[in-house]
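Residues take their numbers from the sequence shown, with the count starting at 1. Computation of the quantities below employed the complete heavy-atom set of this structure, encompassing side-chain atoms and omitting hydrogens, waters and symmetry-equivalent molecules.
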Amino acid sequence: MNIAEIEFSLKDLVETSFDADTFIYRFLAIYDAPKATVTKLRQGTTNQAKEPGDLLWNKKLFFRIAEKGQAAKAVDAMADDPLSTKHAPRFLFATDGEEVYCHDTKVDQTRDISFDKLNDVFDFFLPLAGIERYEGVAENPADIKATARLAKLYDAILEANPDWIGNDHTHELNLFMTRMLFCFFAEDTSIFVKDLFTSSLMTLTREDGTDTSSVLETVFSAMNTPDREREELPEFARRFPFVNGGLFHDQTPIPKFSKRARRLLKECGDLSWRDINPDIFGSMIQAVVEPGMRGDMGMHYTSVPNIMKVLQPLFLMSLEEEFEAARDSEAKLQKLLQRIYHIRIFDPACGSGNFLIIAYRELRKLESRIFERQKAIARQWSLPMTGVRLTQFFGIELTDFAAETAKLSLWIAEYQFNELFKAEFGSAPPALPLRDSGNIVHGNACRLDWMKICPCVEDSETYIVGNPPYLGRAQQTSEQKADIIYVFKDASTKFKKLDYVACWVLKGAKYCQSTSSQCAFVTTNSICQGEQVALLWPLVYESGLEIGFAHQSFKWRNNAAKNAGVICIVVSLRAKQKNKKVLISGDISRVVDNISPYLTDGESLIVYPISNAKTRHPKMQFGNMAADGGNLLLTCADRSELITVYPDAERLVRRFYGSQEFIRGNERWCLWIEDCDLDFANTIPPIASRILATQKMRSNSIDSGTRNLENRPHQFREMHTAETQLIIVPSVSSERRYYLPTGVLSADAIVSNLAFAVYDAPDYLFSVLSSRLQAIWTAAVGGHMKTDYRYSNTLVYNTFPLPELSADQKAILEEHAVEILGAREAHPGKTIAWLYDPETMPANLLKAHKELDDAFEQMYIGRPFKNDTERLEYLFKLYANMIKKEQAAKAPKKQISKGAA
């Protein structure tokens, strides 16, 4: 029986009236249990159960008919039964015909549903049919399991409180979940007495959950009551310690509980919370309260390796270097401790606190190492307490629940490190009452004054870090677009084209300018590529800053089942200084003289577009825009039908190429009518009607430019053609390709406005455009559409640093052009997309390109470049020299005074 049949059969089973005597045997048959096995179980031959009505199939299943409303309690009893220990059933399963409760003992998962919904969880029992459910690799089983159970609890609470759904109870519910998480964690650690929270609730409340909220309200109130004011509290509440720290300060409504919600609360309490990682804790809660994110929990936090890409070069490496230099000096070690205690970490897009938690962790680890070293070298040493305080950590977060859980995560991180400290040194600060939990502000970082959130403090080091939201223009909401206008209101550039993350970069730059602080963000590489460089970086440089270190582009990676499909960089800003600058690519770091806004070793120059009137290259221009409403364009079928009926019309039809037509081989055609052919065109009814439709479309257009074309409806807006040949360059191309997919077309081809063309192009130019140098220049200075490259004639082609080529060198390039085109032709029927896909690119074509690269690059430096880094940095040097020569040529000539030698 296949999986679909299992689901349908199970649906049929639950839709028939429940029969306690036959249900389990029909259920086993659905999951393909051998008929002989089912027969023996029914006869009692292999049924290991002792109680009437029970079924115990060794290693497989322990089943029981429960009393009304007692399915969960029946499973608890089965779990405690010695028979379960002896026969180790995979599933414990109980039902009363109205509700179902089951427990998969292997993966420690449960299902608690109504009987008529049993088919909704058909996959839960697939192991009975020998089909294991797929479990993706997770960061930590405790994290994932806790998330699943919390999600069920959250849903059950909403189900029991329908009046909270859609109403303004978000803050109350988020705060409630945060408090519950703290209590689960506290009872599994030394903060509370072991199991105090869960056992109290299970003992003091009714099974139907009706009084659970009132008991919780009393418990939460007790944790906000100092010891000296506890006389009026009931005895059970006095068992809970005074927590303080603000977590239980606000008196907010407690949601009602149902029987199911109370049961799920117990399941959450049964987990071991001491193993939860605080650096994913907040993201776990985010996955709970935003159901759409539950399947991709790991995607919604910045992984530890990516966080360390920011923290290590920003300040941790400096601390490590100072520690090594101070190892044998008590005075220097004490000075280093004071430096640590004056460091402040500010994340203005803190989410659930990942950057702050990891920074706290690293500072505590280094502090412990310093204490160990002091103990080893000091004549007399008394154990100090930690001087790292949560008040050194600042954050801004737009989402209410994330701001609350960032505070909780910091508390938990502090507790866990205090426990490690205690294990190592013998004592630690008391866990309770909680101390200040960091300065986490709920609000919009684009609108808030960062200086008020994290004020400048004398003798302190402030580091701004984070992973702000990226969001290109197409993904921005109206509110986010308004944020960009607000942040860039004093800018003269066309800032509306910027990614949303640019708001954090500019505000970070202004903060650093006024405080001598440093900032470093994980961001998309788009702010250091293409037109965004010219829009953002002049504003950064106006603040007198430089890039202190940068991680060049890397693929976003974390341990989630899926990985975010985005290319990231890390870029830091600081006041100009003589300290070393570090450029990092993968595992390789280099000390460089300067880091450009394109994240290369070079000057802080910006590539601006060069018009066709000023370029030294053969003229490249946009193709032809139809502006016709589709009336002048033809499909293959349109063309065939037209020419079949009117053979003389063939001279009015040309092959039409845009980016997709050229790359993917999509065949399209167009009507191409010169003025001298208009009278003839109008004698062909299908063409005449298309011309008339184009005129109507243009006259009705809201665009004035299009309306101006209505007097020549037989033609495209542009009428560019070649006399010999033309080179086509698609305007958009996949970033996966190692080379740009350029092509040579015959003179009668028509290029659309979705591609660029060089008409009557010299043969050598094809090799220039097909080189690796051209591809990496495009990637660096061109625009982007999502992750694809967007080519530009003015910003990419006209700015491309091309040395003066001799006739012999052009001849060499022409030979390589022939080789590349010949290599393509050796694969008839294959599209450009297939030929240049990294996974399918033919060996002969790759060889032809490599040979071109070797020859072309020798024309630059006398040898092939070692790698793309060397290629790009050399191109920027040439570009800088080119700009300097142009500026020198424009500078007024100095007058030579009389008498000068």
Side-chain angles (χ1 to χ4, degrees), residues 612 615 617-628 632-636 638-640 642-643 646-678 680-681 684 687 690 712 714-731 733 740-770 774 791 793 797-798 805 810-811 813-825 828-832 835:
N612 279 343
T615 184
H617 304 332
K619 183 179 179 182
M620 178 184 286
Q621 52 195 333
F622 269 116
N624 304 284
M625 177 179 282
D628 65 333
L632 300 180
L633 303 181
L634 305 174
T635 65
C636 289
D638 293 336
R639 172 184 177 274
S640 178
L642 176 66
I643 294 175
Y646 304 96
D648 291 342
E650 187 169 8
R651 65 187 176 92
L652 303 180
V653 179
R654 302 271 193 102
R655 184 71 183 269
F656 184 71
Y657 292 92
S659 293
Q660 292 303 307
E661 289 80 7
F662 174 67
I663 293 173
R664 301 195 178 281
N666 301 332
E667 188 175 338
R668 283 216 292 174
W669 300 79
C670 69
L671 295 173
W672 194 258
I673 305 170
E674 301 288 353
D675 289 339
C676 60
D677 291 322
L678 180 58
F680 168 67
I684 302 173
I687 295 179
R690 285 174 176 270
R712 52 183 188 94
H714 59 294
Q715 293 182 333
F716 282 43
R717 188 181 72 178
E718 296 84 15
M719 294 291 286
H720 301 311
T721 57
E723 294 184 7
T724 56
Q725 65 178 13
L726 64 87
I727 292 177
I728 181 173
V729 181
S731 58
S733 175
L740 293 180
T742 57
V744 178
L745 303 178
S746 60
D748 60 352
I750 302 302
V751 175
S752 85
N753 62 300
L754 297 179
F756 293 93
V758 182
Y759 296 97
D760 302 310
D763 292 336
Y764 78 86
L765 187 62
F766 175 79
S767 287
V768 172
L769 294 170
S770 298
Q774 180 75 192
Y791 199 78
N793 59 338
Y797 173 75
N798 290 349
L805 299 175
K810 289 180 180 179
L813 293 177
E814 289 170 3
E815 292 174 5
H816 284 286
V818 172
E819 292 297 320
I820 290 173
L821 293 171
R824 292 181 184 178
E825 291 170 0
K830 296 300 184 182
T831 64
I832 292 294
L835 288 168

Go through the structure and list residues passing ring pair (Phe, Tyr, Trp, His ring centres under 6.0 Å) with [X], not counting sequence neighbours.
X	value
Tyr759	His720
Trp672	Phe716
Phe766	none

Residue pair [X] / [Y], side-chain heavy-atom distance below 4.5 Å:
X	Y	result
Leu769	Leu765	yes
Ser770	Thr742	yes
Tyr797	Phe756	no

Glu718 vs Phe622, side chain to side chain contact (heavy atoms under 4.5 Å, CB included): CA-CA, chis, key distance, verdict: CA-CA 9 Å; Glu718 296 84 15; Phe622 269 116; over 6 Å; no
Side-chain donor/acceptor pairs under 3.5 Å, residues 647-654, sequence neighbours excluded:
residue : atom : partner : partner atom : Å
Arg651  : NH1  : Asp677  : OD1          : 2.9
Arg654  : NH1  : Asp748  : O            : 3.2

Going from [atom1] on [X] to [atom2] on [Y], what distance comes out if it is rounded to the nearest 0.5 angstrom?
X	Y	atom1	atom2	value
Ser767	Glu819	OG	CD	10.0 Å
Leu678	Asp675	CG	CG	7.0 Å
Asp760	Thr724	CG	OG1	3.5 Å
Leu633	Arg690	CG	CZ	8.5 Å
Leu813	Ile820	CG	CD1	9.5 Å
Asp763	Leu821	CG	CG	9.0 Å

Closest heavy-atom contact between [X] and [Y]?
X	Y	value
Ala681	Ile673	CB-CD1, 3.9 Å
Met620	Asn793	O-ND2, 3.1 Å
Glu674	Met719	OE1-CE, 4.2 Å
Gln725	Ala761	NE2-O, 2.9 Å

Any donor-acceptor N/O pair, Asn753 side chain to Gly623 backbone, under 3.5 Å: no
Donor-acceptor pair, side chain of Glu723 and main chain of Ala747, under 3.5 angstrom: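 Side chain of Glu723 to backbone of Ala747, a donor-acceptor pair under 3.5 Å: no, none is there.
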Intermediate values then yes/no, side chain to side chain contact (heavy atoms under 4.5 Å, CB included), Ile684 and Leu642: CA-CA 9 Å; Ile684 302 173; Leu642 176 66; 4.1 Å; yes
Which side-chain N or O atoms in residues 656-663 pair as donor and acceptor under 3.5 Å with protein atoms at least two apart or in another chain?
residue : atom : partner : partner atom : Å
Ser659  : OG   : Ser731  : N            : 3.0
Ser659  : OG   : Ser731  : OG           : 3.4
Ser659  : OG   : Leu754  : O            : 2.5
Gln660  : OE1  : Arg664  : NE           : 2.9
Glu661  : OE1  : Gly658  : N            : 2.8
Glu661  : OE2  : Arg668  : NE           : 2.9
Glu661  : OE2  : Arg668  : NH2          : 3.1

Stepwise side chain to side chain contact (heavy atoms under 4.5 Å, CB included) test for Arg824 and Ile832: CA-CA 8 Å; Arg824 292 181 184 178; Ile832 292 294; 3.8 Å; yes
Any residue meeting side-chain contact (heavy atoms from CB on, under 4.5 Å) with Asn798, in chain and number order, not counting sequence neighbours: Ile610, Asn612, Thr615, Thr794
Stepwise side chain to side chain contact (heavy atoms under 4.5 Å, CB included) test for Trp669 and Arg655: CA-CA 5 Å; Trp669 300 79; Arg655 184 71 183 269; 3.8 Å; yes
